[in-house]
Protein chains: 2
Amino acid sequence: MDVKALKTFQLIVKHGSFVRAADELNYAQSTVTMQIQKLEAELGTALLTRGKELGLTEAGRLLYEQSLPMLKNMEQLENNLKNLATGESGHVRIGVTEPTASYRLPAMLKAFLSENPGIRVSLEIASTAALADSVAAGRLDFAVCTSPGLQSELFFEPWFQEEFIALLPSDHPLAGREVITAGDLTADRLLITAAGCPYRRKLEMVLQETGNIQLDTMEIGSMTALKYYVESGLGIALVPRIMAERDGISRVEVRALSGTLIGMTSGVLGREAAYPFPPAAHKCLDYLKSRLAQPGKELQ
Amino acid sequence: MDVKALKTFQLIVKHGSFVRAADELNYAQSTVTMQIQKLEAELGTALLTRGKELGLTEAGRLLYEQSLPMLKNMEQLENNLKNLATGESGHVRIGVTEPTASYRLPAMLKAFLSENPGIRVSLEIASTAALADSVAAGRLDFAVCTSPGLQSELFFEPWFQEEFIALLPSDHPLAGREVITAGDLTADRLLITAAGCPYRRKLEMVLQETGNIQLDTMEIGSMTALKYYVESGLGIALVPRIMAERDGISRVEVRALSGTLIGMTSGVLGREAAYPFPPAAHKCLDYLKSRLAQPGKELQ
DNA sequence: TATTTAATTCATTATTGTTGAATTTGATAT
DNA sequence: ATATCAAATTCAACAATAATGAATTAAATA
């Protein structure tokens, strides 16, 4: 059954005339005759009665009624696909690491979604390593995270610097200092995050270079919990600056860090093979980039 | 969107391979490539990702999910139409007059419908004139009735003789007779049916010929009510023999009629223009004919 | 009977779908 | 690296079929 012929048939029935159907479809009227004859031959049944005026056979009635919703569905589907192709609609699957997930993304996504009502977004919040796997496997369109151990199929584009600061108890010996350096970290017990955190890996490397091979550390699973441990005087912690800014920090001193401790580069992780990028995902990525990327950082 | 291409697409996704889709559809594999390329060009979107292994883009997923039920619908519809064409299913619209409607048809239709579970039947029970109109207008496929004033578009094929008999009160002067003739009808008040009944018209003609121009008549709307009027001694009535046979007739005498009073020819009324006849209707007509038609009568 | 309108037929033309051979691509084995 | 293999693509040639206009038929109107 040819879709074109079905459309023609619909119009013939609607107008009760071959000529008018031909007019509307910009066909010669012989074409209309041919299409219907082919349809009738294919189905082995007359569809129209050509008497004094056009009439429908029972088969014609059935075809008319049943093909109408089918054609509508087809149009609808075609439309949905066009919307997908233009990025008007779509499903964007994003991966994000903390603290971007909690502190930066909510407002941005809210704005993006209200600007693009046809687009749905789903979020995976996990470690850079887990996100890299998901991106590589095609479960995510892209991820905002730090640079993973580069797999060949993935690309990473730096967007911004995630700055870290030190949290100290008010009565801590280092509280008098403006800036904390790597060397200072021998002075007290250091509170660190779980093994998955990329900043922790960096910290370990820095401390090794500085010669602080053995250090009194305590592992705390959650970044947000860290400040309460600091407050209790258990030690000092290094956390993203944005956390300290957004969550009211009280009874705890905030100090800047120096040198390589300052921060980590965050950016977007994508899959080379995913091109051409789904338009909705592309739109979303561009939106996030325009709000997250810091000039100069993308060359790093 | 071409249906063939959609089917091809479905198979590619199902098998995850162009070659296997081509095999199953008996296409060259280049054909499969072409069909998908055309589809993608038409929709302005990639549908499949050709990497290490075949994958679906978001548009591909959408198309795959949405086109599946559409193709199923199409097959179903095609099947329904085939059934219609073979007469396995269909809707037969029959007109019938009394007494056939009440006494002959129920058992026949029951058998016919259980032999043809796919066929639906609707019945219009009315006078020959009304049925002739419905047939001419295409509201009925055919009617079982007496011969109407022949309109050129209609054809009538005699099937059987509807025999009439006389009902008399037990104490009636004519009760001693074996057979009632037209001449006997002067003897008493005659109970007759409504103006629409063709037998009544015939009766009027016969009586005119016999010279009984004025006759004491009483018009009773319903045939089945007649016997109660006869029972009460209001007069004699002429009714179809089948009525007397099926409804237990008691306290009323049944007598045969002679000559032209004996009965009326019933048969099938159809529309010339309705050919080719809907197969289900044809099947039903054949079935009824085989049970109703009396040999010899069809030549009348 | 003439006239008009609608549908059909048929031969021609245009379009498109299909194909095989050659080529490219990616994966696997050597 | 290189050879090998399977899968997908490209391309030119071919086949199928869809569309058309002119002529014809059928029915409706004047």
Side-chain angles (χ1 to χ4, degrees), chain A residues 1-43 45-57 60 136-138 151-154 271-276, chain B residues 1-43 45-57 60 136-138 151-154 271-276:
Chain A
M1 279 198 289
D2 182 25
V3 179
K4 269 185 288 185
L6 285 182
K7 281 185 185 158
T8 305
F9 176 70
Q10 285 287 340
L11 275 177
I12 292 174
V13 176
K14 190 175 154 200
H15 290 133
S17 150
F18 279 51
V19 243
R20 284 211 262 171
D23 281 351
E24 192 163 332
L25 291 165
N26 285 111
Y27 281 137
Q29 61 189 48
S30 56
T31 303
V32 172
T33 299
M34 287 301 204
Q35 288 186 343
I36 298 304
Q37 282 178 351
K38 201 187 157 230
L39 208 53
E40 289 183 328
E42 188 183 344
L43 299 172
T45 298
L47 297 170
L48 298 163
T49 61
R50 289 85 156 170
K52 175 187 172 107
E53 57 183 315
L54 262 285
L56 282 170
T57 65
Q151 307 168 43
S152 60
E153 316 152 335
L154 302 180
R271 191 163 56 119
E272 298 281 6
Y275 282 99
Chain B
M1 278 200 290
D2 181 25
V3 179
K4 269 187 287 186
L6 285 182
K7 281 185 184 158
T8 305
F9 176 70
Q10 286 287 339
L11 275 177
I12 292 173
V13 176
K14 189 176 155 200
H15 290 134
S17 151
F18 279 51
V19 242
R20 283 213 262 171
D23 281 350
E24 191 162 332
L25 291 165
N26 284 111
Y27 281 136
Q29 62 189 46
S30 57
T31 304
V32 173
T33 298
M34 286 302 201
Q35 287 184 345
I36 298 305
Q37 281 179 351
K38 201 186 159 233
L39 207 53
E40 290 183 329
E42 189 184 344
L43 299 172
T45 298
L47 297 170
L48 298 162
T49 61
R50 288 86 156 169
K52 173 187 174 103
E53 56 184 316
L54 261 284
L56 283 170
T57 64
Q151 306 169 44
S152 60
E153 315 151 337
L154 302 181
R271 192 162 56 121
E272 297 282 7
Y275 281 100

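Being a predicted model, the structure only gives us computed values, none of them experimental. Lettering follows sequence order; numbering is per chain, from 1.
With sequence neighbours excluded, the residues satisfying side-chain contact (heavy atoms from CB on, under 4.5 Å) with T31(A) are Y27(A), A28(A), Q35(A). Q29(B) is linked by a side-chain hydrogen bond (donor to acceptor under 3.5 Å, both in side chains) to nothing, counting only residues two or more places apart in sequence or in another chain. Applying the side-chain contact (heavy atoms from CB on, under 4.5 Å) test to E42(B) and every residue at least two apart in sequence or in another chain returns E78(A), M1(B), L39(B).
For DNA chain D, no neighbouring residue in residues 1-14 of chain B is found when judged by any heavy atom under 4.0 Å. Of the residues in residues 30-39 of chain B, those placing a heavy atom less than 4.0 Å from an atom of DNA chain D are S30(B), T33(B), M34(B), Q37(B), in numerical order.
Separation of atoms CG (L43(A)) and NZ (K38(A)) is listed at 10.5 Å; rounding is to 0.5 Å. Going from atom CG of L48(A) over to atom OG1 of T57(A) covers 7.0 Å, rounded to the nearest 0.5 Å.
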Show each protein N/O and nucleotides 3-6 of chain C N/O combination with a separation under 3.5 Å, one pair to a line.
none

Which atom pairs link the protein and nucleotides 28-30 of chain D when you take only N or O atoms and keep those under 3.5 Å?
none

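Dashed line: the shortest gap from a side-chain N or O of Y27(A) to OP1 or OP2 of dT20(D) is not under 4.0 Å.
In this structure, the CG atom of L47(A) is 16 Å from the C1' atom of dA7(C), given to the nearest Å. Between E42(B) atom CD and dG17(C) atom C1' the separation is 14 Å, expressed in whole Å.
Judged by distance alone, the side chain of T8(A) and the main-chain N or O of V32(A) form no donor-acceptor pair under 3.5 Å. Between the side chain of E40(B) and the main chain of A46(B), no donor-acceptor pair closer than 3.5 Å is present.
Recorded end-axis angle for the helix from dT1(C)-dA30(D) to dT30(C)-dA1(D) stands at 20°, based on five pairs per end and rounded to 10 degrees.
The shortest distance between side-chain heavy atoms of V3(B) and V3(A) falls below 4.5 Å.
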Sequence neighbours left out, cut at 3.5 Å: what donor-acceptor pairs do the side chains of residues 11-23 of chain B make with other protein atoms?
from, atom 1, to, atom 2, distance (Å)
H15(B), NE2, E24(B), OE1, 3.3
S17(B), OG, V19(B), N, 3.2
S17(B), OG, R20(B), N, 3.1

Please determine whether side-chain contact (heavy atoms from CB on, under 4.5 Å) holds for the pair L6(B) and D2(B), giving the CA-CA distance in whole Å, both sets of side-chain angles, and the decisive distance to 0.1 Å. CA-CA 6 Å; L6(B) 285 182; D2(B) 181 25; over 6 Å; no
